[in-house]
Number of protein chains: 2
Amino acid sequence: MRAQTSKRTDARRNRGLILEAAKAAFGRDGVHASLDEIARSAGVGPATLYRHFPTREHLLCEVLHERQAVLLALRDEALALPDAKSALYGWMTALGDYLGAFNGLPQPFIDAFEAQASPLAVTCRTLVAITDEFLARAKADGAARQSVCAPALFLSALGAAFVHDKAGRYGTTPEQVEAIQAFGYLTGHPAVDTSHSIRKTGAFHD
Amino acid sequence: MRAQTSKRTDARRNRGLILEAAKAAFGRDGVHASLDEIARSAGVGPATLYRHFPTREHLLCEVLHERQAVLLALRDEALALPDAKSALYGWMTALGDYLGAFNGLPQPFIDAFEAQASPLAVTCRTLVAITDEFLARAKADGAARQSVCAPALFLSALGAAFVHDKAGRYGTTPEQVEAIQAFGYLTGHPAVDTSHSIRKTGAFHD
DNA sequence: CCTTGAAACGGAGGGTGCCTCCGATTATAT
DNA sequence: ATATAATCGGAGGCACCCTCCGTTTCAAGG
């Protein structure tokens with residue numbers, strides 16, 4: 001959250017140049033864009049980049065801040081919807097768009113999930129928390145299944161984002177994938193949602 | 001499918017050594033394991049590895065053959081089930097296990113999806129075709145939603161596999177993620193399944 | 001304006017991984 | 001036993017990541 005509060009003007013300037021170059025590179029080449037190349041196109045040495053952003057995740061995190069503002073605006077928009085189901089669906093759509101900002105973005109999020117040291121981890125937790133808000137409201141309204149939990153739903157969003165833009169290549173559409181995420185591929189409900197026979201691993205195992 | 005049909009015995013021997021080393025390395029380090037390291041641990045030079053397997057995907061594809069036998073056996077097992085829903089669910093579970101064989105395996109599959117030159121592309125198509133069999137039967141039985149198509153379902157499986165083993169890290173379980181994949185997170189059905197008002201992008205947009 | 005100390009810079013370079021030449025080696029056929 | 005063709009593997013080029021350290025630049029104080 002801290003802004004470019006550095007003492008020297010050249011440092012602030014370079015920081016901005018690097019962020020600009022990184023935004024372009026991540027957008028063009030995905031999250032695995034070469035950091036040396038980013039430094040080069042920003043007109044700074046590699047060491048300067050690493051001094052400002054110790055890891056790729058730090059850089060990525062800062063570049064994402066702009067997109068996060070959009071995401072939070074969409075959250076507010078969705079929160080204002082009277083229908084809990086539409087609100088949750090709207091949030092999940094916005095989340096999907098956010099996670100599709102750069103090619104390969106779900107991967108660092110997954111990694112951050114396990115390494116809480118990553119600067120993305122806090123973002124991760126925030127997104128799960130917001131998801132939980134929408135989910136709780138939808139559950140209370142009967143709009144979401146009772147057995148869904150926020151972390152799993154967030155993971156599901158990561159998985160969907162992972163495959164989202166590849167749908168066109170194989171005779172299907174992103175909307176189809178989203179529909180499976182939202183409504184499943186099977187008909188009916190899992191056993192745990194109907195309070196009948198709560199066996200260990202769901203209805204159809206063995 | 002062609003076995004080790006090479007002219008010289010040392011070539012066949014090396015091929016086997018490389019496959020053995022690769023299986024261990026992929027299992028330990030995931031699909032991004034160092035190829036030079038695999039060659040080293042197999043006791044051959046890097047060039048030998050690349051002569052036998054021009055790309056990482058070729059090597060991966062061969063290593064996966066063993067697992068594919070298991071997968072096909074599970075398919076037969078599922079095909080024998082009288083219930084179409086259990087059959088489809090069983091297949092999706094088997095597919096998920098297969099895709100979880102090595103850490104990061106979904107990524108090469110996604111890549112193969114777009115580059116039909118990859119040796120994994122044919123595997124990809126086969127898996128989609130099998131998925132389609134189970135899906136068609138389930139649809140006819142009313143066990144699967146009508147608007148689900150096999151490519152989208154396969155992509156969904158890739159997405160689920162991508163996040164599958166990370167569930168434990170964040171207070172949820174793989175089963176939760178599978179449940180969302182199978183039954184969705186929302187209640188009810190999408191508009192397209194009820195033959196009412198087929199608008200372009202589903203029920204909850206805008 | 002000049003000095004001066006600290007902050008910031010960036011080139012050089014070490015480590016690793018990918019992949020390919022090409023001279024050396026080895027298997028097989030005659 | 002020899003010839004020949006298949007196979008091997010080390011060396012090395014290239015890209016990327018990241019860091020050390022001598023040099024430059026800022027800005028505060030005289």
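Reminder, nothing fancy here: chain letters follow the sequence lines and each chain counts from 1.
- The side chain of A:L35 lies closest to D:dC17, out of C:dA8, D:dC17, D:dC8.
- Counting only heavy atoms from C-beta on, A:S6 has its side chain closest to C:dA8 among D:dG9, D:dC17, C:dA8.
- Atom CD of B:E57 is separated from atom P of C:dC18 by 12 Å (rounded to the nearest Å).
- B:A11 comes within 4.0 angstrom of the backbone, heavy atoms only, and of no base.
- For A:F53 and C:dA8, the CZ to P distance is 13 Å, given to the nearest whole Å.
- Closest to the side chain of A:R8, from the set D:dG9, C:dG10, D:dC26, is D:dC26.
- Using the six-membered ring where Trp is involved, A:F109 and A:Y98 have ring planes that are perpendicular, over 60° apart on the 30 and 60° scheme.
- A donor-acceptor contact closer than 3.5 angstrom links the side chains of B:S156 and B:Q181.
- A:I38 has its CD1 atom 16 Å from the P atom of C:dG10, to the nearest Å.
- Positionally, the nearest nucleotide of DNA chain C for A:A47 lies more toward the 5' end than for the other of B:R51 and A:A47.
- For the pair B:L105 and B:F26, the minimum side-chain heavy-atom distance is 4.5 Å or more.
- When distances are taken from the side chain of A:T9 to each of D:dC26, D:dT19, D:dG9, the shortest belongs to D:dC26.
- Between B:R8 and B:D10 there is a salt bridge, since a side-chain N of the basic residue sits under 4.0 Å from a carboxylate O of the acidic one.
- Side-chain atoms of A:Q146 come within 3.5 Å of backbone atoms of A:K139 as a donor-acceptor pair (strictly under, hydrogens ignored).
- In this structure, the CG atom of B:L59 is 11 Å from the P atom of C:dC19, given to the nearest Å.
- As judged by a 4.0 angstrom heavy-atom cut-off over every strand, B:R56 is placed among residues touching the sugar-phosphate backbone only.
- Taking atom CG of residue A:L49 and atom C1' of nucleotide C:dG10, one finds them 12 Å apart after rounding to whole Å.
- Of the candidate nucleotides C:dC18, C:dC21, C:dG10, C:dC18 has the atom lying nearest to any side-chain atom of B:Y50.
- Neither OP1 nor OP2 of D:dT7 sits under 4.0 Å from any side-chain N or O of B:H52.
- Using modelled atom types, one finds a donor on one side chain and an acceptor on the other under 3.5 Å when comparing B:H164 with B:E178.
- Distance A:N14 CG to C:dG11 P: 12 Å, rounded to the nearest Å.
- Looking at which nucleotide of DNA chain D each of A:P46 and B:K7 is closest to, the 5′-most match is held by B:K7.
- Residue B:D10 is classed as a sugar-phosphate contact, given heavy-atom separations below 4.0 Å to backbone atoms only.
- Using a 4.0 Å heavy-atom criterion, one finds that B:S34 contacts the sugar-phosphate atoms exclusively.
- Atoms CG (B:D29) and P (C:dC18) sit 11 Å apart, rounded to a whole Å.
- The distance between atom CZ of A:R12 and atom C1' of C:dA7, rounded to the nearest whole Å, is 13 Å.
- In this structure, of D:dT19, C:dC18, D:dG9, it is C:dC18 that holds the atom nearest to the side chain of B:D36.
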